[in-house]
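Each remark here refers to the structure printed beneath this line.
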Amino acid sequence: MQSSSLRKSETLEIRPIGATYAAEIIGLDLAIPLGDDLFRTLYQLFLQHKILVFRDQVFDDDAHSQFARHWGKLQVHVLNQYHKATNPEIIYLSNLDRDGTPKGEHPDPGAAIWHTDGSWAKERALATMLYGMVLPKSGGDTLFADMVAAYDGLSAMMKQKLDGLIAVHNLDYSRSLTTARQQMTEAQKRAAPPVEHSVIRIHPDTGRKAIYLGQHASHIVGMPIDEGRALISEINAHSTQAQYLYVHRWQPRDFVMWDNRQVMHKATDFDWINDVRTMRRTTTVREKI
(Lines give C-alpha, C1' and ligand atoms only; values in the text may rest on other atoms or scores of the structure.)
Protein backbone atom coordinates (compact mmCIF):
# COMPACT_ATOMS: atom_id res chain seq x y z
CA MET A 1 0.00 0.00 0.00
CA GLN A 2 1.34 3.44 -0.91
CA SER A 3 0.02 6.93 -0.49
CA SER A 4 0.63 9.97 -2.61
CA SER A 5 3.40 12.38 -1.67
CA LEU A 6 2.75 13.62 1.87
CA ARG A 7 5.63 15.98 2.53
CA LYS A 8 8.16 17.34 0.13
CA SER A 9 10.32 14.46 -1.20
CA GLU A 10 8.53 11.90 1.04
CA THR A 11 6.34 8.98 -0.01
CA LEU A 12 4.73 6.80 2.61
CA GLU A 13 4.79 3.01 2.22
CA ILE A 14 2.99 0.63 4.57
CA ARG A 15 4.35 -2.90 5.00
CA PRO A 16 2.48 -5.37 7.24
CA ILE A 17 4.99 -7.15 9.51
CA GLY A 18 2.81 -9.20 11.84
CA ALA A 19 0.71 -12.19 10.86
CA THR A 20 -2.56 -10.33 11.46
CA TYR A 21 -1.60 -6.86 12.73
CA ALA A 22 1.35 -4.44 13.10
CA ALA A 23 2.83 -2.52 10.17
CA GLU A 24 6.11 -0.85 9.31
CA ILE A 25 5.82 2.70 7.98
CA ILE A 26 8.54 3.36 5.43
CA GLY A 27 9.63 6.75 4.10
CA LEU A 28 8.82 8.99 7.04
CA ASP A 29 11.28 11.07 9.06
CA LEU A 30 9.66 11.67 12.45
CA ALA A 31 12.10 14.50 13.24
CA ILE A 32 10.20 16.65 10.71
CA PRO A 33 6.98 18.11 12.17
CA LEU A 34 3.75 16.47 11.00
CA GLY A 35 1.08 18.32 9.09
CA ASP A 36 -2.61 17.75 9.82
CA ASP A 37 -3.20 15.65 6.69
CA LEU A 38 -0.29 13.35 7.45
CA PHE A 39 -1.37 12.97 11.06
CA ARG A 40 -4.89 11.96 9.99
CA THR A 41 -3.37 9.38 7.64
CA LEU A 42 -1.19 7.97 10.41
CA TYR A 43 -4.11 7.86 12.82
CA GLN A 44 -6.16 5.76 10.44
CA LEU A 45 -3.19 3.41 10.00
CA PHE A 46 -2.84 3.31 13.78
CA LEU A 47 -6.46 2.21 14.16
CA GLN A 48 -6.14 -0.35 11.38
CA HIS A 49 -2.82 -1.95 12.32
CA LYS A 50 -2.80 -1.33 16.11
CA ILE A 51 1.03 -1.16 16.13
CA LEU A 52 3.15 1.10 13.90
CA VAL A 53 6.90 0.63 13.50
CA PHE A 54 9.23 3.34 12.14
CA ARG A 55 12.80 2.17 11.49
CA ASP A 56 16.08 4.06 11.72
CA GLN A 57 14.71 7.23 13.29
CA VAL A 58 17.24 9.81 14.46
CA PHE A 59 15.57 12.40 16.62
CA ASP A 60 16.03 13.96 20.04
CA ASP A 61 13.78 14.25 23.09
CA ASP A 62 12.14 17.44 21.85
CA ALA A 63 11.24 15.96 18.45
CA HIS A 64 9.92 12.85 20.18
CA SER A 65 7.69 14.96 22.44
CA GLN A 66 6.51 17.11 19.54
CA PHE A 67 5.45 14.03 17.58
CA ALA A 68 3.73 12.53 20.64
CA ARG A 69 1.67 15.65 21.34
CA HIS A 70 -0.25 15.14 18.10
CA TRP A 71 -1.82 12.10 19.77
CA GLY A 72 -2.98 13.72 22.99
CA LYS A 73 -1.86 15.04 26.34
CA LEU A 74 1.38 13.47 27.55
CA GLN A 75 1.21 11.38 30.68
CA VAL A 76 3.36 12.28 33.68
CA HIS A 77 3.87 8.80 35.10
CA VAL A 78 3.38 8.36 38.83
CA LEU A 79 6.63 6.34 39.03
CA ASN A 80 8.72 9.48 38.94
CA GLN A 81 12.01 7.63 39.39
CA TYR A 82 11.87 7.02 35.64
CA HIS A 83 11.29 10.64 34.62
CA LYS A 84 13.79 12.53 32.56
CA ALA A 85 15.21 15.09 35.00
CA THR A 86 14.30 18.10 32.84
CA ASN A 87 11.01 16.81 31.39
CA PRO A 88 8.70 14.52 33.41
CA GLU A 89 6.63 13.76 30.29
CA ILE A 90 9.55 11.64 29.01
CA ILE A 91 10.51 8.37 30.64
CA TYR A 92 13.96 6.83 30.34
CA LEU A 93 14.04 3.08 30.97
CA SER A 94 17.58 1.83 31.43
CA ASN A 95 19.45 -0.74 33.49
CA LEU A 96 22.34 1.73 33.83
CA ASP A 97 22.71 3.92 36.88
CA ARG A 98 23.68 7.59 36.77
CA ASP A 99 27.33 6.60 36.49
CA GLY A 100 26.67 4.45 33.40
CA THR A 101 27.11 1.16 35.25
CA PRO A 102 24.58 -1.72 35.13
CA LYS A 103 22.61 -1.44 38.36
CA GLY A 104 21.74 -5.13 38.68
CA GLU A 105 18.02 -4.76 38.00
CA HIS A 106 15.76 -4.90 34.96
CA PRO A 107 15.33 -1.34 33.61
CA ASP A 108 11.57 -1.52 34.15
CA PRO A 109 10.46 -4.55 36.18
CA GLY A 110 6.81 -3.66 35.57
CA ALA A 111 7.34 -4.18 31.83
CA ALA A 112 8.02 -7.88 32.42
CA ILE A 113 4.35 -8.67 33.13
CA TRP A 114 1.41 -8.52 30.73
CA HIS A 115 -0.25 -5.13 30.98
CA THR A 116 -1.91 -2.25 29.20
CA ASP A 117 -0.20 1.07 29.88
CA GLY A 118 -2.18 3.35 32.13
CA SER A 119 -5.03 0.94 32.89
CA TRP A 120 -4.30 1.70 36.56
CA ALA A 121 -5.44 5.33 36.07
CA LYS A 122 -8.80 7.00 35.51
CA GLU A 123 -7.29 8.91 32.59
CA ARG A 124 -6.30 5.90 30.55
CA ALA A 125 -3.55 5.66 27.96
CA LEU A 126 -4.20 6.04 24.24
CA ALA A 127 -0.82 5.70 22.50
CA THR A 128 2.52 4.58 23.88
CA MET A 129 5.65 5.47 21.88
CA LEU A 130 8.91 3.67 22.59
CA TYR A 131 12.31 4.45 21.04
CA GLY A 132 15.20 1.98 21.09
CA MET A 133 18.33 3.90 22.08
CA VAL A 134 20.70 1.14 23.24
CA LEU A 135 19.76 -2.50 22.74
CA PRO A 136 21.10 -5.72 24.25
CA LYS A 137 22.83 -8.35 22.14
CA SER A 138 19.86 -10.68 22.62
CA GLY A 139 16.49 -10.59 24.36
CA GLY A 140 14.67 -7.46 25.41
CA ASP A 141 11.98 -8.00 22.76
CA THR A 142 8.43 -6.70 23.19
CA LEU A 143 5.49 -9.09 22.95
CA PHE A 144 2.09 -7.69 21.97
CA ALA A 145 -1.32 -9.35 22.33
CA ASP A 146 -4.26 -8.36 20.11
CA MET A 147 -7.10 -7.90 22.60
CA VAL A 148 -9.71 -7.37 19.88
CA ALA A 149 -8.92 -10.71 18.27
CA ALA A 150 -8.72 -12.29 21.74
CA TYR A 151 -12.25 -11.07 22.47
CA ASP A 152 -13.47 -12.43 19.15
CA GLY A 153 -11.89 -15.77 20.06
CA LEU A 154 -13.85 -16.16 23.30
CA SER A 155 -16.71 -18.62 23.44
CA ALA A 156 -20.21 -17.18 23.39
CA MET A 157 -20.64 -18.37 26.97
CA MET A 158 -17.48 -16.59 28.14
CA LYS A 159 -18.44 -13.38 26.32
CA GLN A 160 -21.74 -13.46 28.15
CA LYS A 161 -19.98 -14.12 31.46
CA LEU A 162 -17.59 -11.19 31.05
CA ASP A 163 -20.21 -8.75 29.79
CA GLY A 164 -20.86 -6.16 32.50
CA LEU A 165 -18.03 -7.27 34.79
CA ILE A 166 -15.85 -4.58 36.35
CA ALA A 167 -12.19 -5.13 37.20
CA VAL A 168 -10.15 -3.16 39.72
CA HIS A 169 -6.79 -2.04 38.30
CA ASN A 170 -4.11 -1.25 40.84
CA LEU A 171 -0.51 -0.28 40.02
CA ASP A 172 0.64 -1.07 43.56
CA TYR A 173 -0.75 -4.61 43.18
CA SER A 174 0.93 -5.24 39.82
CA ARG A 175 4.19 -3.73 41.01
CA SER A 176 4.18 -6.26 43.86
CA LEU A 177 4.06 -9.07 41.27
CA THR A 178 7.41 -7.98 39.84
CA THR A 179 11.01 -8.28 40.97
CA ALA A 180 11.25 -4.51 41.50
CA ARG A 181 13.48 -3.68 44.45
CA GLN A 182 11.85 -0.26 44.69
CA GLN A 183 8.16 -0.72 45.34
CA MET A 184 5.75 2.23 45.33
CA THR A 185 6.18 4.93 47.93
CA GLU A 186 3.22 6.02 50.02
CA ALA A 187 3.03 9.25 48.02
CA GLN A 188 2.94 7.29 44.75
CA LYS A 189 0.19 5.02 46.10
CA ARG A 190 -1.90 8.06 47.04
CA ALA A 191 -1.37 9.51 43.56
CA ALA A 192 -2.48 6.27 41.87
CA PRO A 193 -5.35 4.77 43.87
CA PRO A 194 -7.14 1.67 42.53
CA VAL A 195 -9.62 2.35 39.72
CA GLU A 196 -12.46 0.38 38.15
CA HIS A 197 -12.78 -0.39 34.43
CA SER A 198 -15.08 -2.63 32.42
CA VAL A 199 -13.53 -5.98 31.53
CA ILE A 200 -14.87 -5.59 27.99
CA ARG A 201 -14.02 -2.25 26.42
CA ILE A 202 -15.57 -0.73 23.30
CA HIS A 203 -13.08 1.19 21.16
CA PRO A 204 -14.39 4.76 20.73
CA ASP A 205 -13.29 5.01 17.08
CA THR A 206 -13.74 1.52 15.66
CA GLY A 207 -16.66 0.34 17.78
CA ARG A 208 -14.91 -3.03 18.21
CA LYS A 209 -14.95 -4.83 21.55
CA ALA A 210 -11.68 -5.74 23.27
CA ILE A 211 -10.66 -7.47 26.49
CA TYR A 212 -9.25 -4.97 28.98
CA LEU A 213 -7.40 -6.84 31.71
CA GLY A 214 -3.71 -7.69 32.07
CA GLN A 215 -1.85 -7.96 35.34
CA HIS A 216 -2.67 -4.46 36.55
CA ALA A 217 -6.14 -5.96 37.17
CA SER A 218 -6.16 -7.14 40.79
CA HIS A 219 -9.70 -8.51 41.17
CA ILE A 220 -13.29 -8.41 39.91
CA VAL A 221 -15.89 -6.27 41.65
CA GLY A 222 -18.50 -8.41 43.36
CA MET A 223 -16.48 -11.65 43.19
CA PRO A 224 -14.45 -13.29 45.95
CA ILE A 225 -10.82 -12.19 45.48
CA ASP A 226 -9.51 -15.68 44.66
CA GLU A 227 -12.32 -16.38 42.19
CA GLY A 228 -11.84 -13.04 40.46
CA ARG A 229 -8.08 -13.47 40.18
CA ALA A 230 -8.53 -16.96 38.77
CA LEU A 231 -10.85 -15.57 36.09
CA ILE A 232 -8.40 -12.77 35.27
CA SER A 233 -5.57 -15.30 34.94
CA GLU A 234 -7.71 -17.50 32.70
CA ILE A 235 -8.58 -14.62 30.37
CA ASN A 236 -5.00 -13.30 30.34
CA ALA A 237 -3.79 -16.78 29.38
CA HIS A 238 -6.39 -16.97 26.61
CA SER A 239 -5.40 -13.52 25.31
CA THR A 240 -1.69 -14.32 25.11
CA GLN A 241 -1.94 -17.45 22.99
CA ALA A 242 0.41 -17.55 20.02
CA GLN A 243 -2.27 -16.71 17.44
CA TYR A 244 -2.84 -13.33 19.08
CA LEU A 245 0.82 -12.33 19.42
CA TYR A 246 3.19 -10.07 17.54
CA VAL A 247 6.83 -10.16 18.67
CA HIS A 248 8.82 -7.01 18.04
CA ARG A 249 12.53 -7.77 17.83
CA TRP A 250 14.16 -4.40 18.28
CA GLN A 251 16.64 -2.89 15.89
CA PRO A 252 18.70 0.20 16.76
CA ARG A 253 16.70 3.43 16.40
CA ASP A 254 13.33 1.69 16.07
CA PHE A 255 10.38 3.85 17.08
CA VAL A 256 7.30 1.77 17.90
CA MET A 257 3.87 3.04 18.87
CA TRP A 258 0.75 1.11 19.81
CA ASP A 259 -2.92 1.58 20.62
CA ASN A 260 -3.46 0.72 24.30
CA ARG A 261 -7.18 0.38 23.59
CA GLN A 262 -6.49 -2.61 21.33
CA VAL A 263 -3.34 -4.37 22.57
CA MET A 264 -1.46 -5.24 25.73
CA HIS A 265 2.23 -6.04 25.95
CA LYS A 266 5.23 -7.19 27.96
CA ALA A 267 9.02 -7.15 27.57
CA THR A 268 11.10 -10.32 27.39
CA ASP A 269 14.11 -10.83 29.61
CA PHE A 270 17.74 -10.08 28.73
CA ASP A 271 21.09 -10.15 30.50
CA TRP A 272 20.55 -6.97 32.52
CA ILE A 273 23.58 -7.75 34.72
CA ASN A 274 26.12 -7.54 31.88
CA ASP A 275 24.30 -6.02 28.90
CA VAL A 276 22.47 -2.73 28.33
CA ARG A 277 18.95 -1.78 27.28
CA THR A 278 17.96 1.89 27.25
CA MET A 279 14.61 3.06 25.89
CA ARG A 280 12.85 6.43 25.68
CA ARG A 281 9.09 6.47 26.17
CA THR A 282 6.12 8.79 26.01
CA THR A 283 2.47 7.91 26.58
CA THR A 284 -0.58 9.97 25.70
CA VAL A 285 -3.70 9.85 27.84
CA ARG A 286 -6.42 11.37 25.69
CA GLU A 287 -9.19 8.83 25.14
CA LYS A 288 -10.30 10.14 21.80
CA ILE A 289 -8.72 12.15 19.00
Is there a donor-acceptor pair closer than 3.5 Å between any side-chain N or O of T142 and the backbone N or O of A267? no

Can you tell me if CD on Q160 sees more than 12 non-hydrogen neighbours from other groups inside 6.0 Å? no

Determine whether F270 and L135 satisfy the following criterion, side chain to side chain contact (heavy atoms under 4.5 Å, CB included), listing intermediate values before the conclusion. CA-CA 10 Å; F270 73 100; L135 302 176; over 6 Å; no

To the nearest 0.5 angstrom, please state how far the CE atom of M133 sits from the CE atom of M279. 10.0 Å

Decide whether T282 and H64 meet the rule of one side-chain donor and one side-chain acceptor closer than 3.5 Å. yes

What is the ring orientation for Y246 with F144, classed by angle as parallel under 30°, tilted 30 to 60°, or perpendicular over 60°? parallel

Evaluate the criterion ring-ring contact (aromatic ring centres under 6.0 Å, His included) for residue pair H70 and Y43; output intermediate values, then yes/no. CA-CA 10 Å; H70 283 278; Y43 188 65; over 10 Å; no

In this structure, CG of L42 is separated from CE of M257 (nearest 0.5 Å) by 7.5 Å

Within residues 78-100 or reaching into it, pairs that qualify as salt bridge (Lys or Arg N to Asp or Glu O under 4.0 Å) - sequence neighbours excluded: D61-K84, R69-E89

So I91 and D108, side chain to side chain contact (heavy atoms under 4.5 Å, CB included) or not? Walk me through it. CA-CA 11 Å; I91 289 177; D108 178 17; over 6 Å; no

Heavy-atom pair of closest approach, residues M184 and V78: CE-CG1, 4.5 Å

Give a yes or no answer on whether the side chain of D254 reaches the backbone of V53 with a donor-acceptor pair at less than 3.5 Å. no

S174 versus H216, side-chain donor and acceptor atoms under 3.5 Å: yes

What one should report as the nearest heavy-atom pair of A145 and S239 is CB-O, 3.5 Å

Electrostatic pair D259-K50, nearest N-O below 4.0 angstrom: no

If I take atom CD from residue E24 and atom CZ from residue F54, how far apart are they, to the nearest 0.5 angstrom? 10.0 Å

Look at the side-chain heavy atoms of Ile, Leu, Val, Met, Phe, Trp and Tyr, link any pair under 4.5 Å apart, and say whether V76 and Y92 land in one connected group. no

Begin from the C-alpha positions of F59 and R280 and carry the test side chain to side chain contact (heavy atoms under 4.5 Å, CB included) through to its verdict. CA-CA 11 Å; F59 65 149; R280 183 175 67 207; 3.7 Å; yes

Say whether Q188 and Q182, considering side chains only, have a donor N or O and an acceptor N or O under 3.5 Å apart. no

Atom pair NZ (K266) and OG1 (T116), whose distance is rounded to the nearest 0.5 Å: 13.5 Å

What I want to check is whether the side chains of Q183 and D172 have a donor and an acceptor closer together than 3.5 Å. no

Would Y21 and V148 count as a side chain to side chain contact (heavy atoms under 4.5 Å, CB included) here? Give the steps. CA-CA 11 Å; Y21 65 111; V148 177; over 6 Å; no

Run the salt bridge (charged side-chain N to carboxylate O under 4.0 Å, His left out) check on D152 and R208 step by step: do they pass? CA-CA 10 Å; D152 291 341; R208 298 286 301 278; 2.7 Å; yes

Check whether any side-chain N or O of H197 sits under 3.5 Å from a backbone N or O of V168 as a donor-acceptor pair, and report yes or no. no

Supply the atom-to-atom distance I273 CD1 to E105 CD, rounded to the nearest 0.5 angstrom. 9.5 Å

Going by the salt bridge (Lys or Arg N to Asp or Glu O under 4.0 Å) test, which pairs reach into residues 221-237, not counting sequence neighbours? none

Connected-component partners of I235 among ILVMFWY, side-chain separation under 4.5 Å: W114, L143, M147, Y151, L154, M158, L162, L165, V199, I200, I211, L213, I220, M223, L231, I232, L245, V247, M264

Rounding to 0.5 Å, atoms CH2 (W120) and CG (L171) come to a distance of 5.5 Å

Derivation and outcome, salt bridge (charged side-chain N to carboxylate O under 4.0 Å, His left out), residues R249 and D141: CA-CA 5 Å; R249 305 194 188 282; D141 304 324; 2.8 Å; yes

Cut-off 3.5 Å, side chains only: do D117 and T128 have a donor facing an acceptor? yes

Decide whether Y82 and L177 are clustered together by the hydrophobic rule: side chain heavy atoms of Ile, Leu, Val, Met, Phe, Trp, Tyr closer than 4.5 Å, transitively. no

Report whether L93 and L79 are members of the same hydrophobic cluster (ILVMFWY, side-chain heavy atoms less than 4.5 Å apart, transitive linking). yes

Hphob cluster co-occupancy, L52 + F39, side-chain heavy atoms under 4.5 angstrom: yes

Does L12 belong to the same Ile/Leu/Val/Met/Phe/Trp/Tyr cluster as L47, with side-chain heavy atoms less than 4.5 Å apart forming each link? yes

